[in-house]
Amino acid sequence: MSSENGSVDGGAEGAQPEQLALIRESVRNAKVPRAKPRTWRGAALAKELPVARVLVDKGVLHLDRYFDYAVPEELDADAQPGVRVRVRFGAGRGRVREGRREGGGLIDGFLVERLAESDYSGPLAALAQVVSSEPVLSEELLGLARAVADRYAGSLADVLQLAVPPRSARAEQRPSPEPLPPPAAPEAGSWGRYERGGAFLESLASGGAPRAVWNALPGPEWSEELARAVAATLASGRGALVVVPDGRAVARVDAALTSVLGEGRHAVLTADAGPEKRYREWLAVRRGAVRAVVGTRAAMFAPVRDLGLVALWDDGDDSHSEPHAPQPHAREVLLLRAAQDKCGFLLGSWSCTVEAAQLVESGWARPLVASREQVRAVAPLVRTVGDQDLARDEAARAARLPTLAWQAVREGLRHGPVLVQVPRRGYVPRMACANCREPARCRHCAGPLEGQESAAALRCGWCGREEGSWHCPECGGFRLRAQVVGARRTAEELGRAFPAVPVRTSGREHVLDTVPGAPALVVSTPGAEPVAEGGYAAALLLDGWAMLGRPDLRAGEDALRRWIAAAALVRAQEAGGTVVVVAEPTLRPVQALVRWDPVGHAVRELGERAELGFPPVSRMAAVSGAGEALAEFLAAAELPEEAELLGPVPLPVTGAAGPRRVGAPPVGERWERVLVRVPPGRGAALAAALKAAQASRMARGGGSAGEGAVWVRIDPPDIG
DNA sequence: AGCACGCCGACT
DNA sequence: GTCGGCGTGCTC
């Protein structure tokens, strides 16, 4: 592998004046288009396809253009499509120093294509180096990255940074294992509990590409069911990819894959394996040595060969949302992948997101569900404690624990562990009718109203309009209440209430994986619930108000998802499993929990979103920046005709203290945000327009930081 | 972002 | 004449 030394660029130290003159002349001649590449010093080039089209890995600045370079003869063999290269880039027309032309610094890139000629009308610089001959960027992966970049108005280079892990020479040197022949198709196993479960597996095993939204039955079987879907795909001679929200879920699916497939047939891709190990696993997948992958969100780009199935577990979990630009969501990436590779698609969850419901409603995917009898046979009994009960129960109110809840815990503890779910801190309050709890919404755009308890100072969180005379459209009430509840002392209080029972906590810092089947109080925040051996005897879901009171379109769906995630760890009703949720029984998510009907809940939400023009039925983008820059950007952007602008509204000023959230303005700067909404089918046009506007602003020196910065976010997660 | 090119005012 | 101000535009 040669570097610039001895290649076209380098070599002669101290060139003669005549050579300098020659170089200047070739600059003047450069205006004429040339069929064949010419380099600065005319060194030997590859005889066939002497032009390399390169994607320069430089964030957002060059904006998705390729640059052509000449391929020196000695790099000919290594300079294949997909390899990492280093090239000189930048610095005007290049300056000549000590006889050597130095066009800016060396930067990394990917060789995308070899060509016979370039359409660039100037002399080409030569590739400086082929970093390694490993073709890491396949045509397929490039196509996916391009689609993701377009979908999210981002740059290809940004997406590739997410899709291709950093190189480790040692990992590359090591040979990958020999690929194993396809396994036999698996038995249907517990897939038989679903009406079309067996047919789904058979379709995968016979080379089909079924697409399903799978509402999983509560209990621990889901990971083995995923493993069987993978095994069926492998049996057809194709590869499979499973993306799950966190390390614990990876471990479960990993174990299930090992038990269904045996050793050596699958790779685990997670961020917390070191960079070398991670790259080694990734390479084994790319090289086709391993045909099945399970991992967390970064694995959504795993270069699985001949993909037959992409599967995603629990798409409502927000860790599926990539925090790095352009912030793609694993569900959307896998949707793009399924479309591009024409492979099977499986979106599974105990709960159901509105997006998942939309996939079924649009006919793109089929529902994979169990019968009501099946659900009733495995789900626990769910009971509610609302404000009415609390009010009647003064003593319980003081203890923050109503009688029914108290009884359920005490009874549960006689038979096994009891789970107590408490919300995390830090939920932002939003306003709701003090009488009927209907969220207060803007009458113009239906955005969430924010403000103080006095109805006088209400303002819409989306369009910024003031609301001077709010009254509740449901019950006619005019008093508001901020929906925020604190709940931290619960664990201590419970511990004191049941002094004979051990109390274990699982939360952000210490997440327990499993707990034994012996009686214990297990206090956990949402998402950190340990699995109990033999299932929990009971679960207590506290402070539903805090979960439902977030200023987020997903508050209901999210609360239901978290409740169901906890309740799914509880024994079946027949085995005495009981769940008590402390929340108003008339609320839709609460009713959906009682009936164990997350799909019905999502379908109703979807209908409402369509009516109100909310995502995912319409698509939204958030554009934020300092007032003037934002206005300028929007004026210059050629948005689709149907685009509707909501706002601007001021963004909260970020303080120096506290966690910096992704997407928050720079510390201390006053920023505003505008939401852009387009009807169904115009999402691509919106993304393209925003991308183009961003590109032209960059070209004019807008810069990505400081004064003129404007941030664009497709599918903003926190739109009230 | 860098960095070079280019088109106007005070200097050896 | 030419050195150098920073305003504009390109990077194969």
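Quick note: numbers below take in every heavy atom, side chains included, and nothing from hydrogens, waters or symmetry partners. Letters go in sequence order (proteins before strands), and every chain restarts at 1.
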Checklist line | Pairing residues for A/Asp341 by the side-chain hydrogen bond (donor to acceptor under 3.5 Å, both in side chains) criterion, not counting sequence neighbours | finding: none
Next item on the list: Calculate the interatomic distance between A/Leu106 atom CG and C/dT11 atom P; express it in whole Å.
Entry: 18 Å
Checklist line | Spacing of A/Tyr69 atom OH relative to C/dC12 atom P, expressed in whole Å | finding: 5 Å
Notebook entry, point to check: Parallel, tilted or perpendicular: which describes the rings of A/Trp671 and A/Trp711, with under 30° parallel and over 60° perpendicular?
Noted result: perpendicular
Checklist line | Pair A/Arg114 + A/Asp76: basic N to acidic O under 4.0 Å | finding: yes
Next item on the list: Could you check how far CD1 of A/Ile107 sits from P of B/dG2, rounded to whole Å?
Entry: 12 Å
Margin query: What is the distance, to the nearest angstrom, from the CG atom on A/Leu45 to the P atom on C/dC12?
Written below: 16 Å
Note to self: Without decimals, in angstroms, what is the distance between A/Arg88 CZ and B/dC3 P?
What the structure shows: 12 Å
Check: Does A/Glu113 have any side-chain contact (heavy atoms from CB on, under 4.5 Å) partners at least two apart in sequence or in another chain, and if so, which?
Finding: A/Arg53, A/Leu115
Margin query: Under the criterion of centre distance below 5.5 Å and interplanar angle below 30°, is A/Phe67 classified as stacked on the base of C/dC12?
Written below: no
Note to self: Just the rounded figure in Å: distance from P of C/dC10 to OH of A/Tyr66.
What the structure shows: 22 Å
Next item on the list: Provide, to the nearest angstrom, the distance between the CG atom belonging to A/Asp68 and the C1' atom belonging to C/dC12.
Entry: 6 Å
